[in-house]
Amino acid sequence: MNRKHLGITALIFILALLLAACSTKETTQPTPENNQNENTTETDPKDNEEVKLDPLKFSISMRTLATAYVESHPDINEDKWVKSLEEMTNTDMTIRLIPHREYVERMTLMLASGDIPDVVQASGGVLGPELAGAVEAGVFMPLDDLLKEHGQNLLKVIPQEAWDQVTYDGKIYAIPDYLANRSRRGTAIRMDLLEQTGLGIPKTTDEYLDVLRAFKQLGVENPFQGRESFKYADTFFGAFDAFPYQWEYYNGEVVPKFMAGDKIKDALEYHRVLYQEGLIHQEFLTTPQPEYRSNIIAGKAGMWSMNAEEVLAWESEIQQNVPEARVAIIPSPVGPDGHGGHYLYNSVIRSFLINSKTKVDVERLIQYFDWQVSDEAEMFFTYGVEGETYTLDANGNVNYEIPEDSNGLNEQRYRSYWLWLVKDATYTKGILELTEDGQELIRIFDDILANEGRDSIHYDPPIEALQSNPDIRPGSDIPSSVWMSGAARIILGQEPIEYHDKIVEEWLNKGGRQAIEESTKRYNENNGVQKPN
């Protein structure tokens, strides 16, 4: 081949490359469908300048979690904090609220309809009843490769224990909102009332009875504030290690704790004393969460169970009605074995799954979640917007006024807890560090709560025999309806303690035997079981 032919060939080759490049550029031009997700900046290779991308549009379903600010908001998608978040992250979210009390039913309907948002918030793991087998059916996508490429900060910050809870068949299917300290509920007491009694901080169940009786003599309407199904009102079951919704290995089988010896009868006898002496709210069997909280805020209760992080906010609200009120978290009552405390949460309190059929740019979506664990995100969710809700001094110290009224506290709680998707949800460190009371609360978490609490055997996926029998199926922190209705009769004095044997018999006959057989088999095979440490 001569030089002329070589030149022509080279020219044709260069033209072919240029045409191919143009063709490639044309095919990768954003279409209205796939361009809707781009929300960050990228560098234009021609002029090395950053180009602002369109907001990342995605939909997300979220449980309201009984968050007052959320449930009272006329349109959460128009909320100022949602708008600020979208502006900071160059996103455009459409939030679908799932009512707290109808969560499982509404989630099941949503999944069955096929109208599934781009991101779905689940309760904890990825095999819970609210997801109705959707992960196993391929409704959501595995995230391992995406996390390795775009979620390195998530992988660094979130504990392995939490990742294990959102892993199915060897693959990660969700991004977890996690707890570094699984013991987050505490026993709250009105210290101003305790001082009036002249008694010290109680430790044993008998000492607790003495304090509650003294509260009664002071005229406290509800010495211990009860609540329906013992939810957030099961402090004394913990003292006896008898939470009726937990499971343990006992005499060669995995059984509900209410079948592990007679400790449940001791716990029921204790509650019967509370009821007969008027030491617990007399309508505790039907007291819903709003009334439970309002009774405490109104100053009608001397002792109760609560999420310990909220104690300072609740104290401020109580002081609006009872200015002298002072509230503290104290060690929970201990029982015969010298231990006590509330139930230990799972390491994951919420998890976020991505629809496998989403049209959203999933790489940018992972980057959005990765931003949630950044310093910038922590400042926003903790304090809000600089110049509006906080300032920084010359040394970089934060000047932030903690709200004192209910509305302000609810708004702060909403921003730092509900809207912040991925974090250590034990407490909001940046808020607590601002005050001496907050620093003391951090000490309580580290020195008291971290050393108490009762764990359980957990199964993921859940025990099938329970899923098909709702009457005997407990919730995460409430007993089954069969056990609850029978136990209520004992506590109210309508039946003797021995009646509990009939409760057990009914529970077994309604499918409990199959549940024990299945749970024991899986325990022995180490199949989808999480054993207490």
Side-chain angles (χ1 to χ4, degrees), residues 60 62-85 95 97-101 103 121 123 177-181 184-186 188 227 231-232 288-298 304-321 325 327 329 345 349-350 372 377-385 388-390 398 400-435 437-442 444-445 449:
I60 179 171
M62 294 180 66
R63 187 176 187 172
T64 62
L65 295 173
T67 309
Y69 186 91
V70 176
E71 295 191 336
S72 63
H73 203 292
D75 184 355
I76 201 65
N77 284 298
E78 295 300 320
D79 175 64
K80 63 179 181 181
W81 294 112
V82 172
K83 294 297 183 184
S84 295
L85 175 61
I95 301 174
L97 296 179
I98 308 294
H100 184 66
R101 294 177 65 87
Y103 178 59
Q121 180 232 300
S123 279
D177 189 20
Y178 64 99
L179 286 173
N181 180 353
R184 66 195 303 232
R185 288 187 188 178
R227 182 173 157 186
K231 189 176 180 69
Y232 275 98
Q289 189 273 345
E291 186 179 342
Y292 170 85
R293 188 177 187 279
S294 64
N295 283 342
I296 295 170
I297 300 303
W304 62 91
S305 167
M306 67 179 300
N307 183 339
E309 189 199 3
E310 298 183 61
V311 66
L312 298 178
W314 283 37
E315 181 185 57
S316 295
E317 290 190 74
I318 296 170
Q319 288 172 344
Q320 294 174 27
N321 300 302
V327 183
I329 297 294
Y345 283 75
I349 61 169
R350 297 188 296 181
Q372 300 274 328
E378 183 174 3
M379 290 294 290
F380 169 72
F381 290 116
T382 304
Y383 306 118
V385 176
E388 296 182 15
T389 51
Y390 77 94
V398 173
Y400 173 77
E401 294 292 333
I402 297 175
E404 296 182 352
D405 63 296
S406 297
N407 291 336
L409 290 167
N410 287 337
E411 183 175 329
Q412 175 183 273
R413 173 70 170 160
Y414 149 76
R415 190 182 63 231
S416 65
Y417 173 68
W418 191 87
L419 191 59
W420 194 355
L421 303 184
V422 183
K423 60 195 174 297
D424 176 4
T426 307
Y427 51 74
T428 308
K429 185 177 181 180
I431 295 293
L432 297 186
E433 287 181 331
L434 293 177
T435 65
D437 287 344
Q439 294 168 17
E440 171 63 14
L441 187 54
I442 291 176
I444 288 172
F445 267 102
L449 297 181

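Note that this is a predicted model, so its numbers are computed, not measured.
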Flag side-chain contact, heavy atom, 4.5 Å: Tyr400 against Thr382
no
Specify the closest pair of heavy atoms between Ala425 and Arg184, including all atoms of both residues, with the distance to one decimal.
O-NH2, 3.4 Å
CA sep, side-chain torsions, deciding dist, call: Tyr417, Ile349, side chain to side chain contact (heavy atoms under 4.5 Å, CB included)
CA-CA 11 Å; Tyr417 173 68; Ile349 61 169; 4.2 Å; yes
Interatomic distance, CD1@Ile442 vs CG@Leu432, rounded to 0.5 Å, equals 5.0 Å
Any side-chain heavy-atom pair from Tyr427 and Leu449 closer than 4.5 angstrom?
no
Heavy atoms, side chains only, cut-off 4.5 Å: are Glu317 and Glu404 in contact?
no
What are the two closest non-hydrogen atoms of Leu409 and Ser316, and how far apart are they?
CD1-CB, 4.1 Å
Do Lys80 and Arg415 have side chains that get closer than 4.5 Å, going by heavy atoms?
no
Counting distance only, does the side-chain N/O of Gln439 pair as donor-acceptor with the main-chain N or O of Leu434 below 3.5 Å?
no
With salt bridge (Lys or Arg N to Asp or Glu O under 4.0 Å) as the test, would you mind laying out the steps for Arg413 and Glu309 before giving the verdict?
CA-CA 10 Å; Arg413 173 70 170 160; Glu309 189 199 3; 3.1 Å; yes
Quick check for you: to the nearest 0.5 Å, what is the distance between His100 atom NE2 and Arg63 atom CZ?
4.5 Å
Check whether any side-chain heavy atom of Lys423 lies under 4.5 Å from a side-chain heavy atom of Ser416, and answer yes or no.
no
For the backbone of Glu291 and the side chain of Ser294, can you confirm whether one donor and one acceptor N or O come within less than 3.5 Å of each other?
yes
Nearest-0.5 Å distance that lies between atom CG in Leu421 and atom CD1 in Ile60:
5.0 Å
Intermediate values then yes/no, side chain to side chain contact (heavy atoms under 4.5 Å, CB included), Glu411 and Trp81:
CA-CA 9 Å; Glu411 183 175 329; Trp81 294 112; 2.8 Å; yes
Quick check: do Arg101 and Gln289 have side-chain heavy atoms less than 4.5 Å from each other?
no
Side-chain heavy atoms of Met62 within contact of Trp418, under 4.5 Å
yes
Side chains of Tyr414 and Asn410 in contact at under 4.5 Å (non-hydrogen atoms):
no
Heavy-atom nearest pair, Ala325 first then Ile318, reads CB-CG2, 3.5 Å
Tyr232 ring centre to Arg185 NZ or CZ under 6.0 Å, with the angle to the axis within 45°?
yes
Any sub-3.5 Å donor-acceptor pair from Asp424's side-chain atoms to Ala180's backbone N or O?
yes
Measure the spacing between CG of Asp177 and OG of Ser123 and express it to the nearest 0.5 Å.
12.0 Å
Taken to the nearest 0.5 Å, the spacing of Ile296 CD1 from Trp304 CH2 works out to 5.5 Å
Angle between ring planes, Phe381 versus Trp420, binned at 30° and 60°: parallel, tilted or perpendicular?
parallel
Pair Thr64-Ile98, side chain to side chain contact (heavy atoms under 4.5 Å, CB included): steps then yes or no
CA-CA 6 Å; Thr64 62; Ile98 308 294; over 6 Å; no
Thr426 side chain to Asn181 main-chain N or O, any donor-acceptor pair under 3.5 Å?
yes
Mind checking what makes side-chain contact (heavy atoms from CB on, under 4.5 Å) contact with Thr435, not counting sequence neighbours?
Ile402, Asp437
Between CD of Glu310 and CD of Glu315, what distance do you get to the nearest 0.5 Å?
13.5 Å
If you count the non-hydrogen atoms of other residues, nucleotides and ligands that lie under 6.0 Å from NZ in Lys83, is the total more than 12?
yes
Parallel, tilted or perpendicular: which describes the rings of Tyr390 and Tyr383, with under 30° parallel and over 60° perpendicular?
tilted
For Asn321 and Ile297, work out which heavy atoms get closest and say how close.
ND2-O, 2.8 Å
Is there a side chain to side chain contact (heavy atoms under 4.5 Å, CB included) between Ser406 and Gln320? Walk through the geometry before answering.
CA-CA 9 Å; Ser406 297; Gln320 294 174 27; 4.2 Å; yes
Quick one: do the Asp79 and Tyr69 side chains pair a donor with an acceptor below 3.5 Å?
yes
Lys NZ or Arg CZ of Arg227 over Tyr292 ring: under 6.0 Å, within 45°:
yes
